[in-house]
Asker: 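Got a structure for you, written out below as C-alpha cells; questions coming shortly.
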Amino acid sequence: GTNYTLASWRSAFGKDMNSLQTNPRLLDAVGSDGVFAGLYIDENLHLADNSPAVDAGLSHPQLNFDHDRMSRTAGSAPDIGAYEQTARLS
C-alpha cells in the first residue's frame with residue numbers, strides 16, 4: 001500500500017481539508033503505567049491549555065456535552081476530541 005502524508009492525501013483525494021496533523025497536547029496520554037490504553041486505564045486525555053485542538057472544532061446540534069457531561073463550546077468554538085477544555089484550578 002501507499003503511505004501518505006496528510007498533504008499528499010489531500011492532494012491525491014481532495015479529502016480531509018479540515019484535518020490537523022499535530023500533537024494534540026493531552027494532559028497525560030500514557031498515565032503512570034507509561035502505556036496508552038494499557039492494562040490500567042489511568043490516562044488523562046483532557047486537552048492541555050496550549051492544545052491546538054482547543055476551540056478548533058465545529059458545532060453540531062446533537063453534540064451538546066462532552067465525555068464528562070460538560071457543556072460543549074466553553075470558548076469560541078467546540079474543542080476537537082472527547083473533552084471540552086474548561087478552566088481548571090491549579
Asker: My understanding is that a hydrophobic cluster links ILVMFWY residues whose side chain heavy atoms are under 4.5 Å apart, including indirect links. Using that, what else belongs to the cluster containing Tyr4?
Answerer: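 The other cluster members (ILVMFWY side chains, heavy atoms under 4.5 Å, direct or chained) are Trp9, Phe13.
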Asker: Minimum heavy-atom separation for Asp55 to Ala77, with atom names?
Answerer: OD1-O, 2.9 Å
Asker: Between Ala48 and Val54, what is the shortest heavy-atom contact and its length?
Answerer: O-CG2, 3.9 Å
Asker: Any chance you could measure Asp28, atom CG, to Asn44, atom CG, to the nearest 0.5 Å?
Answerer: 6.5 Å
Asker: According to the ring pair (Phe, Tyr, Trp, His ring centres under 6.0 Å) rule, which pairs have a member within residues 47-70, sequence neighbours left out?
Answerer: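 Residue pairs passing ring pair (Phe, Tyr, Trp, His ring centres under 6.0 Å), neighbours aside: His67-Tyr83.
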Asker: Who clusters with Ile80? Use side-chain heavy atoms, under 4.5 angstrom, across I, L, V, M, F, W and Y, and order the result by chain and number.
Answerer: Leu20
Asker: Taking all heavy atoms of Leu47 and all of Leu26, pick out the closest pair and write down the distance.
Answerer: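 In this case the closest contact between Leu47 and Leu26 is CD2-CD2, 3.9 Å.
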Asker: Using the test side chain to side chain contact (heavy atoms under 4.5 Å, CB included), find all partners of Asn23 that sit at least two apart in sequence or belong to another chain.
Answerer: Arg25
Asker: Can you list everything that forms a side chain to side chain contact (heavy atoms under 4.5 Å, CB included) with Ser32? Sequence neighbours excluded, please.
Answerer: Asp42
Asker: Residues two or more places apart in sequence or in another chain: which of them pass salt bridge (charged side-chain N to carboxylate O under 4.0 Å, His left out) with Arg72?
Answerer: Glu84
Asker: Does either side chain, that of Asp68 or that of His46, offer a donor lying less than 3.5 Å from an acceptor on the other one?
Answerer: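 Per modelled atom types, Asp68 and His46 side chains form a pair under 3.5 Å.
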Asker: Among Asp79, Asp49, Asp66, whose side-chain hydrogen bond (donor to acceptor under 3.5 Å, both in side chains) with Gln85 holds?
Answerer: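 Only one of Asp79, Asp49, Asp66 forms a side-chain hydrogen bond (donor to acceptor under 3.5 Å, both in side chains) with Gln85, namely Asp49.
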Asker: Do Ser8 and Thr5 have side-chain N/O donor and acceptor atoms under 3.5 Å apart?
Answerer: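 Judged by distance alone, the side chains do pair up.
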Asker: Closest heavy-atom contact between Pro52 and Ala56?
Answerer: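 That closest heavy-atom pairing would be O-CB, 3.4 Å.
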Asker: How many angstroms lie between CG in Leu58 and CG in Asn18, if you round to the nearest 0.5 Å?
Answerer: 6.5 Å
Asker: So, the side chain of Thr73 versus the backbone of Gly75: is there a donor-acceptor pair under 3.5 Å, distance only?
Answerer: no
Asker: For the CG atom of Leu6 and the NZ atom of Lys15, what is their distance to the nearest 0.5 Å?
Answerer: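 Rounded to the nearest 0.5 Å, the CG-NZ separation comes to 14.0 Å.
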